[in-house]
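What follows is a short report on a single structure.
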Amino acid sequence: MTEHRFVDILRGKFEVGHTVTVEGWVRTRRDSKAGLSFIHLLDGSCFDPLQVVVPSSLPGYQETVLKISTGCALRVEGELVASQGQGQSVELLAKHIEVVGWVDDPETYPMQAKRHTMEYLREVAHLRPRTNIIAAVTRVRHCLAQAIHRFFHERGFLWIHTPIITASDAEGAGQMFRVSTLDLAALPRTEQGAVDFSRDFFGREAHLTVSGQLNVEAYCLALSRVYTFGPTFRAENSNTRRHLSEFWMVEPEIAFADLQKNVALAESFLKYIFAALLHERADDLAFFRNHVDKTCQERLEKIVSSSFEVIEYGEAVERLLASKKKFEFPVSWGIDLQSEHERYLSEELIGGPVAVINYPKQIKAFYMRQNEDGRTVAAMDILAPGIGEIIGGSQREERLSVLDARLDEMKLPKQEYWWYRDLRRYGTVPHAGFGLGFERAIQYATGIDNIRDVIPFPRAPRQADF
RNA sequence: UCCCGUGUAGCUCAGCCGGUAGAGCAGGUGGCUGUUAACCACCGGGUCGGGGGUUCGAGUCCCUCCGCGGGAGCCA
């Protein structure tokens, strides 16, 4: 592994005249019979390639250099020189080239130095990180992940590794994947003929988690400021550009806090991570701005620079009605806002990010705190121009009697929630939190249409080949 | 899961009213050039997603299955 990374070379960390050794993969080779070959090499450390100039006088030029094709892995030792051409300030004048890995058959190498469709790239997910777009997404993803951890760490939040496997099937957020070691061809049965899960690995039914929230609440009510950031699973047969079967979610939870503090946290959180991205990945964002979505950068700048408005759900409904705008789904108090409503609110009526709070309780989850009016809960959705809902959260119901009444009302099995209810019996406090779909945040930041292109190896119905 | 669309060369696509296939890029060879997705010429490359049907004849029409994409629902 070389210490001479392209990001450092191209930023001028090493002076012209220095001898460096670089390692990377070939994007293109162009030959000049005037006695030169140009090789664009990528090492992933930044968006731009390093141009390697190979004089035909280099030993092995005919037999080796002229056979180098897109995708070959090279180690090149040479001298940094000022570029005589356009497009780069420095380039590497090769003194020695070693082909570390050849491409078997250049004609059928799946990654050509040209534009591919995103659909095709998904079929070669093991090679697509060699493209500009997926490499850029990967760096953006990393940058945002680091910024998320940094944001919370700087504010004294503890990262809680909530379990991936959950014994509860009552989290109520969609279809779950079953975790089992039972022999599917010979399932143990109870006397009544049902599958006998007491003989399964955990002695009961188990699934992959659909949310870390319930578990993280337990840690919140001891350590005050906590968050989860990890994979989450949904077995819904939904085939859209916004859904994955396996995705990552960020879920902070704060104790001694109400909905207002939750909104404030969400606002500073989004501003922090997007500011970090604007600052650290200007090269990749420029690519997305120029080739994917003209508006993605200004969207981020808008979030960072504008203060979030907060409006009541009831007021949002009234303003939507007063707008006289024709929606596909008509608006009335009690409906869940559709994506078209959310976007109209933030884009037209507010003209910026907005937190809509206090939704009707019948369209929200059981754990959300009931308001004094008896018909709304302390929920919040952060709506952003260009995408709609980017964050959803709530103040949690901390009063056991109210929580129990809600569980009964929604016909949920109270005994399944015994430990969650315990938290309300032993030193309960007002607390709140929210969830951010990590991939959706990346989509928002990059303008990439399909969520399958912002995660390294997407899992979706009938899609787990890699 | 439902609705719509789509599947032709390694990739991106064209292929009319049914008459057994074409371009650009990629690859090979040669030419040319401090080149930037280089350019020019030539060459090789296809079981037209699978199965069935109609027809003298199907890439083309019909049925069916599969894959993929978009939308809806569900949601993050």
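Only this structure's heavy atoms are used, side chains among them; waters, hydrogens and symmetry mates stay out. Residue numbers start from 1 in every chain, and the chains themselves are labelled A, B, ... in the order their sequence lines are given, proteins ahead of strands.
- Comparing Tyr109(A) and Asp336(A) along RNA chain B, the residue whose closest nucleotide (by nearest heavy atom) sits nearer the 5' end is Tyr109(A).
- Within 4.0 Å (heavy atoms only), Thr70(A) reaches no atom of the nucleic acid at all.
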What side-chain donor-acceptor pairs closer than 3.5 Å can you find for residues 70-78 of chain A, not counting sequence neighbours?
| unit_1 | atom_1 | unit_2 | atom_2 | d |
| --- | --- | --- | --- | --- |
| Thr70(A) | OG1 | Arg27(A) | O | 2.9 |
| Arg75(A) | NE | Glu23(A) | OE2 | 2.8 |
| Arg75(A) | NH1 | Glu98(A) | OE1 | 2.8 |
| Arg75(A) | NH1 | Glu98(A) | OE2 | 3.2 |
| Arg75(A) | NH2 | Glu23(A) | OE2 | 3.4 |

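- Applying a 4.0 Å cut-off to non-hydrogen atoms, the residues of residues 441-459 of chain A that approach RNA chain B are Asn450(A), Ile451(A), Arg452(A), listed by residue number.
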Using a cut-off of 4.0 Å between protein heavy atoms and nucleotide atoms, how would you tag nucleotides 32-44 of chain B 5' to 3' with B, S and -? BBBBB-B-----B
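- Contacts of Tyr120(A) with the nucleic acid, taken as non-hydrogen atoms under 4.0 Å apart, involve only primed sugar atoms and P, OP1 or OP2.
- Each of Arg241(A) and Ile391(A) was assigned the nucleotide of RNA chain B with the nearest heavy atom; the assignment lying further toward the 5' end belongs to Arg241(A).
- Taking atom CD of residue Gln175(A) and atom P of nucleotide rC75(B), one finds them 12 Å apart after rounding to whole Å.
- Taking atom CZ on Arg122(A) and atom P on rC68(B), their separation rounds to 10 Å, with Å as the unit.
- Just one residue in the list Phe229(A), Tyr272(A), Tyr227(A) forms a ring pair (Phe, Tyr, Trp, His ring centres under 6.0 Å) with Phe152(A), and that residue is Tyr227(A).
- Distance check on atom P: rA38(B) versus rG27(B) gives 9 Å, rounded to whole Å.
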Check step by step if side chain to side chain contact (heavy atoms under 4.5 Å, CB included) holds for Asp258(A) and Arg369(A). CA-CA 10 Å; Asp258(A) 58 13; Arg369(A) 190 181 196 276; over 6 Å; no
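- One interatomic measurement links the two molecules: CZ of Arg130(A) to C1' of rG10(B), which rounds to 16 Å at whole-angstrom precision.
- The separation between Met118(A) atom CE and rC11(B) atom P is 17 Å, rounded to whole Å.
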